[in-house]
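Chain naming here is simple, since letters A, B, ... match the order of the sequence lines and numbering starts at 1 in each.
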Amino acid sequence: MFRMISNRQIADAFDLLADLLRLKDAEGYRFEIIAYQRVAEALRELPRDVRALAAEGRLQEIDGVGKAIAAKILELLEHGTLRLLEELKAEVPQGLVDVLRVNGVGPKRAMLFYQQLGITSVAELEAAAREGKLRTLPGMGAKSEQKILESIAALARRTTRARADIALQAAERILRALQALPNVLRAEIAGSLRRGRATIGDIDLLVATHTPAPIMDAFVNHPDVVRVLAQGETKSSVELLSGLQCDLRAVPPERFGTALSYFTGSQAHNIRLRELALQRGLSLNEWAFTATDGSGREILCASEEEVYAQLDLPYIPPELREDRGEIEAAQANALPNLIEISHIRA
DNA sequence: GCCC
DNA sequence: CAGTACG
DNA sequence: GGGCCGATACTG
């Protein structure tokens, strides 16, 4: 019989596997890393106990699970551990996985810090930054060092994902300020908040305008903003009083549909849409569909309806955009009817 | 790594 | 440019 | 066997 091990624990093991591989050689294992992360997410969303599925020999029915990963799941169910995972732990300090959670630190820098300074934890990274040691490393300077210190502080401030209702209040405050600005033609909440998720990691906002610069300025100077993480022509990122990160993108109104689609996600849903576009000889990004025949011809979408229509799909509501079968359902014209408040009566 |  | 980050 | 999202955007 199988061990007591939850879907969640198995998912965590695959995420750890992905992170350790990322540290070892991000490029060399690029697609394996993606595969492991996909499976981790699929397992967390799986409504059934993996052990039951395994007992029936149906593991490969899970999206993203093939022969190799099915074997790894079985190994976890039987032994509670993975040989591959243990080997990687011996090669790469596990504490580096936490270091990866620091904004601005990816696998390259984490390994650089480890190999040059022996850093294996966030605490050690913080100490090294305070002592001015990071700036001595190639590609690092005083500014990068300071950013890392601030990221570590931010990491401590927000321990968990925010409840959607709390985040919604914070989002609407910023949104109202943006809507009140001259030359803002539209302003919308995007991201997981728009998808109706119960908890959200950050707030994503989108505005339609022909003059993004003054809007970006107003955004980063909003009274709720405590820190500017990045500010560019069309994309800025800030930290709010609540500790929440808030990202804003600005696009011209004729491109609002592709932008809202992109910024609403989910990532997995976006990737599926982009694959569908490629099948039709089009490349899709947040700005437009672009013909892949070299002509550079663009198809602009002011609304999301146009985006889906271009892909021969009926409109898919944000709440369903998780790549959990909604694309296939849409293609079969069999999307479920969502329950709206207005449909409910006492 | 998975999938066509 | 490389590195990191975003859905 | 060979592709796998983005002609992404921002920083230093």
- Query: Which sits closer to the 5' end of DNA chain D, Gly141(A) or Arg30(A), going by the nucleotide each is nearest to?
  - Reply: Arg30(A)

- Message: Quick check on DNA chain D: between Thr292(A) and Gly232(A), whose nearest nucleotide comes earlier from the 5' end?
- Response: Thr292(A)

- Item | Shortest non-hydrogen separation from Ala54(A) to Leu74(A) and the atoms involved | CB-CD2, 4.0 Å

Using the [atom1] atom as the reference point in each nucleotide, state the distance between [N] and [M] in Å, no decimals.
| N | M | atom1 | result |
| --- | --- | --- | --- |
| dA7(D) | dG3(C) | P | 22 Å |
| dC4(B) | dC5(D) | P | 14 Å |
| dG6(D) | dT4(C) | P | 23 Å |

- Task: Give the intermediate values and the outcome of salt bridge (charged side-chain N to carboxylate O under 4.0 Å, His left out) for residues Arg8(A) and Asp15(A).
- Result: CA-CA 10 Å; Arg8(A) 178 61 194 267; Asp15(A) 268 333; over 6 Å; no

- Message: Please determine whether the number of non-hydrogen atoms from other residues, nucleotides or ligands lying under 6.0 Å from atom CZ of Arg227(A) exceeds 12.
- Response: yes

- What does Leu229(A) touch in the nucleic acid at a heavy-atom separation under 4.0 angstrom: a base, only the sugar-phosphate, or nothing? nothing

- Base, sugar-phosphate alone, or nothing: which one does Ile34(A) contact when heavy atoms must sit under 4.0 Å apart? nothing

- Item | Letter per nucleotide, 5' to 3', of nucleotides 1-7 of chain C [B base touched, S only sugar-phosphate touched, - untouched; heavy atoms, 4.0 Å] | --SSSBB

- Message: If you define the side chain from C-beta out and look only at heavy atoms, does anything of Leu335(A) sit under 4.5 Å from Tyr315(A)?
- Response: no

- Do Glu254(A) and His210(A) have side chains that get closer than 4.5 Å, going by heavy atoms? yes

- Write out all pairs satisfying salt bridge (charged side-chain N to carboxylate O under 4.0 Å, His left out) with one or both partners inside residues 169-182 of chain A, taking only residues at least two apart or from two chains. Arg173(A)-Asp224(A)

- Note on the structure: CG of Asp98(A) to CD1 of Ile152(A), rounded to nearest 0.5 Å, is 11.5 Å

- Message: Let me confirm one number: the CG-CG distance from Leu17(A) to Leu84(A), rounded to the nearest 0.5 Å.
- Response: 5.0 Å

- Note on the structure: So the stems of DNA chain D, runs of at least three Watson-Crick or G-U pairs (under 3.5 Å), are B:1-4 with D:1-4, C:1-5 with D:8-12

- Query: Is the cationic atom of Arg272(A) (NZ for Lys, CZ for Arg) positioned less than 6.0 Å from the six-membered ring centroid of Tyr308(A) and within 45 degrees of its normal?
  - Reply: no

- Which residues share a salt bridge (charged side-chain N to carboxylate O under 4.0 Å, His left out) with Asp293(A), sequence neighbours left out: none

- Task: Using the heavy-atom set of chain A and a strict 4.0 Å cut-off, write down the first and last nucleotide of DNA chain D that makes it in, 5' to 3'.
- Result: dC4(D) to dG12(D)

- With the 4.5 Å side-chain cut-off for hydrophobic clustering, are Met1(A) and Ile10(A) part of the same group? yes

- Does anyone know the first and last nucleotide of DNA chain B in reach of chain A, 5' to 3', at under 4.0 angstrom to a heavy atom? dG1(B) to dC3(B)

- Say whether Arg194(A) and Thr264(A), considering side chains only, have a donor N or O and an acceptor N or O under 3.5 Å apart. yes

- State whether Asp19(A) and Lys24(A) are salt-bridged, where the test is any N-O pair (Lys NZ or Arg NE/NH1/NH2 against Asp/Glu carboxylate O) under 4.0 Å. no

